[in-house]
Amino acid sequence: MSTVKEQSFEVLEMKREHYSLVINGQRMESESGETFTTYNPATGEPIATVSLASTEDAEKAVQAARNAFDYGKWKKFPINKRSRVLNKIAGIMRSRFNELVSLEIMDSGKSLSAAQGQVMQAIEDFEFYAGAIVGHRGTVNNVPGQFTNTAEKEPVGVCAQIIPWNYPLMMAAWKIAPAIAAGCSVVVKPATLTPLTAIVLGEICIEAGVPEGVVNIVPGAGSSVGNYLVEHEKVDKVAFTGSTPIGKNIMEKASQTLKRVTLELGGKSPNIVFDDADVDAAVDGSLFGIFYNTGQSCEARSRLYVHEDIYDEFMEKFTAKTKKLSLGDPHDKGTHIGAIINQGQVDTIHSYVESAKEDGATIVTGGKPAKVEGFEKGYWYEPTIITDVNHDMKAVKEEIFGPVVVVMKFKDEKEVIKMANDSEYGLGSAVWTQNHGRATRVSKAIQAGIVMVNCPFSAFPGTPFGGYKQSGFGRELCVETLDLYTETKSIISYFGNRPLNPFGV
């Protein structure tokens with residue numbers, strides 16, 4: 001999560017009506033000549049056409065990436081030279097900040113503040129890895145006798161990177177930056193719902209001096225292009241962010257060629273408010289935790305546990321502030337809640353709310369698709385609070401991926417830890433308490449990759465991001481991510497004067 005200082009923002013008119021594939025340093029049309037249209041979720045109106053990648057195009061991209069890795073110069077660049085190129089990518093992105101923000105808003109429907117923060121973090125990702133790679137080195141190990149051992153870091157090879165629709169540019173940066181910093185080549189498959197900023201990022205990489213074939217962008221269907229990349233024998237690693245069922249499928253397919261795999265998957269993150277918490281801070285943090293990015297976030301804190309002694313006070317304030325959240329023009333800085341990605345997701349969200357009602361839950365506020373004046377053809381859902389729920393309910397167990405939070409009371413620390421861990425997921429979590437000892441105990445007890453203590457933000461460049469259990473494995477956004485894109489080679493050398501004759505014959 002990044003924050004940006006308030007600044008004037010110009011809504012940029014779309015001048016580009018078509019986006020091409022990026023393969024081997026060139027804009028290319030698909031082999032089939034097919035295109036698809038990407039739509040603005042806030043208005044339902046078309047934005048641009050995009051070349052639809054096929055498996056033939058994916059093959060071109062893999063071959064370009066393979067040739068760039070096996071015979072090209074990028075992995076041979078001195079680390080400081082690769083670092084300068086990453087900083088140049090960040091610099092170009094900064095110079096085009098408003099353009100990228102506007103494009104991200106139009107393609108995904110997210111609010112201005114969300115898009116600004118995410119574009120800024122994408123920029124900072126490249127800056128972070130430009131620095132991190134300089135200090136990413138092997139080791140010299142102690143070995144007996146007249147021997148030396150060095151463990152060297154080498155880039156893993158060609159990486160297929162599959163990007164979700166909810167954070168199009170930021171997730172592309174999370175994956176591209178560490179991979180190319182390490183010296184790898186990448187084939188990126190952005191979601192067809194939100195491909196535009198990933199395509200532009202690929203073009204920026206080339207402009208900044210990334211050699212041809214190192215960064216390739218192929219927007220296409222997951223069932224064809226995605227599977228083709230995952231199964232391709234010349235792809236060495238797969239990095240995927242998306243749903244848990246698809247992650248399991250990718251893991252199974254990648255196992256046939258023993259690819260390295262990183263998976264950042266679904267979540268149903270708990271948000272715990274103790275009786276000694278700063279209630280106002282917890283209310284504000286809880287609002288952000290579930291309604292940021294319109295709740296379309298893998299680490300959204302969608303299970304809210306409030307201590308019974310402050311439950312009424314908390315709920316009164318939380319409900320009142322939820323009702324004040326503004327839905328509307330995503331380009332307006334006063335808008336809190338952006339659009340839902342498409343009608344299918346609106347229907348999915350509503351089906352979960354309806355299932356909760358059928359199970360006996362209470363809808364405190366929201367609970368239905370929203371009508372937004374001036375944006376009647378867009379896709380919207382009211383910020384929704386559900387109470388009188390239990391852990392047997394579908395709406396409590398499963399990821400909804402929308403602006404819906406379920407709220408439960410708890411009596412003590414032991415009970416709420418058990419409730420928080422009663423999930424197949426383990427991505428994010430939050431704890432609100434002014435007791436340092438309690439914060440430490442609960443943080444250690446929660447089965448999740450991320451714990452936010454008195455804080456609504458889940459990630460900054462440099463902080464590990466990833467999950468436990470069925471939320472996946474591997475950590476992104478941190479120095480350790482570079483290890484996911486490198487192999488460790490052990491080199492043992494003998495420096496003695498006498499030749500070695502182990503068999504003595």
Self-check item: Shortest non-hydrogen separation from K189 to G226 and the atoms involved
Solution: CD-N, 3.7 Å

Quiz item: Taking the six-membered ring for Trp, are F457 and F460 parallel (under 30°), tilted (30 to 60°) or perpendicular (over 60°)?
Solution: perpendicular

Exercise. To the nearest 0.5 angstrom, please state how far the CG atom of N40 sits from the CE atom of M106.
Key: 7.5 Å

Self-check item: Side-chain heavy-atom pair V238, K253 within 4.5 angstrom cut-off
Solution: no

Exercise. Provide the closest heavy-atom pair for W380 versus I337 in the form atom of the first, atom of the second, distance.
Key: CZ3-O, 3.7 Å

Exercise. Look at the side chain of K394 and the backbone N and O of Y352, then say whether any donor-acceptor pair between them is shorter than 3.5 Å.
Key: no

Quiz item: In this structure, which one of F240, F465, Y129 forms a ring-ring contact (aromatic ring centres under 6.0 Å, His included) with W174?
Solution: F465

Quiz item: Counting heavy atoms not belonging to M251, are there more than 12 under 6.0 Å from its CE?
Solution: no

Quiz item: Salt bridge between E252 and K248, side-chain N to carboxylate O under 4.0 Å?
Solution: no

Exercise. Calculate, to the nearest 0.5 Å, the distance between atoms NZ and CG belonging to K175 and L477 respectively.
Key: 10.5 Å

Quiz item: With side chains defined as the heavy atoms from C-beta onward, is the minimum distance between H18 and T49 less than 4.5 Å?
Solution: yes

Quiz prompt | Distance in Å, Q434 CD paired with D275 CG, rounded so as to fall on 0.5 Å steps | solution = 10.5 Å

Self-check item: Short side-chain to backbone donor-acceptor contact, E376 and G374, under 3.5 Å
Solution: yes

Quiz prompt | Worked check of side chain to side chain contact (heavy atoms under 4.5 Å, CB included) between R475 and L484 | solution = CA-CA 8 Å; R475 295 295 181 268; L484 303 176; 5.6 Å; no

Practice problem: Let me see the working for Q470 and L265 under side chain to side chain contact (heavy atoms under 4.5 Å, CB included), right down to the final yes or no. | Solution: CA-CA 7 Å; Q470 293 195 43; L265 307 176; over 6 Å; no

Exercise. Test side chain to side chain contact (heavy atoms under 4.5 Å, CB included) on S30 and L21 and set out the steps.
Key: CA-CA 7 Å; S30 62; L21 314 179; 4.3 Å; yes

Practice problem: To the nearest 0.5 Å, tell me how far D329 CG sits from T43 OG1. | Solution: 10.0 Å

Practice problem: Give a yes-or-no answer on whether the side chains of S326 and H336 include a donor-acceptor pair shorter than 3.5 Å. | Solution: no

Quiz item: Measuring from R441:CZ to I417:CD1, what's the distance to the nearest 0.5 Å?
Solution: 8.0 Å

Quiz prompt | Rounded distance [0.5 Å steps], CD1 in I176 versus SG in C205 | solution = 5.5 Å

Quiz item: How would you list, by chain and number, every residue that makes a salt bridge (Lys or Arg N to Asp or Glu O under 4.0 Å) with R301, sequence neighbours excluded?
Solution: E299

Quiz item: With side chains defined as the heavy atoms from C-beta onward, is the minimum distance between C159 and R260 less than 4.5 Å?
Solution: no

Quiz prompt | Backbone N/O of G344 and side chain of T348: donor-acceptor pair under 3.5 Å | solution = yes

Quiz item: Hey, what's the ring geometry for F291 with F318, parallel, tilted or perpendicular (30° and 60° as the breaks)?
Solution: parallel

Practice problem: Spell out, as yes or no, whether a donor-acceptor pair under 3.5 Å connects the side chain of N271 to the backbone of S286. | Solution: no

Quiz item: Between I446 and V431, is any pair of side-chain heavy atoms under 4.5 Å apart?
Solution: yes

Quiz item: Side-chain contact, heavy-atom cut-off 4.5 Å: I340 with T294?
Solution: yes

Quiz item: Just by modelled atom types, is the E382 backbone N or O under 3.5 Å from a matching donor or acceptor in the T384 side chain?
Solution: yes

Quiz item: Run the salt bridge (Lys or Arg N to Asp or Glu O under 4.0 Å) check on R94 and E127 step by step: do they pass?
Solution: CA-CA 11 Å; R94 280 185 185 277; E127 293 172 336; 3.0 Å; yes

Self-check item: D359 side chain vs A361 backbone, donor-acceptor pair below 3.5 Å
Solution: no

Practice problem: Could you tell me whether the side chain of D57 and the main chain of S54 form a donor-acceptor pair under 3.5 Å? | Solution: yes

Quiz item: Is a side-chain N or O of S471 found less than 3.5 angstrom from the main chain of G426, in a donor-acceptor match?
Solution: yes

Exercise. Verify, without hydrogens or angle tests, whether T38 (side chain) and T194 (backbone) share a donor-acceptor contact under 3.5 angstrom.
Key: no

Self-check item: Salt-bridge present (E354, K357; N to O < 4.0 Å)
Solution: yes

Quiz prompt | P403 to Y381 - nearest heavy-atom pair and separation | solution = CG-O, 3.8 Å

Exercise. Answer yes or no: is there a side-chain heavy-atom contact under 4.5 Å between T440 and S443?
Key: no

Quiz item: Looking only at atom types and distance, does a side-chain atom of T433 sit under 3.5 Å from a main-chain N or O of A439, one as donor and one as acceptor?
Solution: no

Quiz item: Would K110 count as a cation-pi partner of Y167, with NZ or CZ less than 6.0 Å from the six-membered ring centre and within 45° of the ring normal?
Solution: yes

Quiz item: Going through the distances and angles, do D278 and N454 end up as a side chain to side chain contact (heavy atoms under 4.5 Å, CB included)?
Solution: CA-CA 9 Å; D278 180 329; N454 298 326; over 6 Å; no

Practice problem: Please tell me if the side chains of T244 and E399 come closer than 4.5 Å, counting only heavy atoms from C-beta onward. | Solution: no

Practice problem: May I ask you to say whether K411 pairs ionically with E308, meaning some side-chain N is under 4.0 Å from a carboxylate O? | Solution: no

Quiz prompt | Non-hydrogen side-chain atoms of M393 and S355 separated by less than 4.5 Å | solution = no

Quiz item: Which pairs pass ring-ring contact (aromatic ring centres under 6.0 Å, His included) with one or both residues in residues 395-441, sequence neighbours excluded?
Solution: W165-F401, F274-F410, H307-F410

Exercise. Heavy atoms only: give me the nearest D125-M170 pair and the separation to one decimal.
Key: OD2-O, 4.0 Å

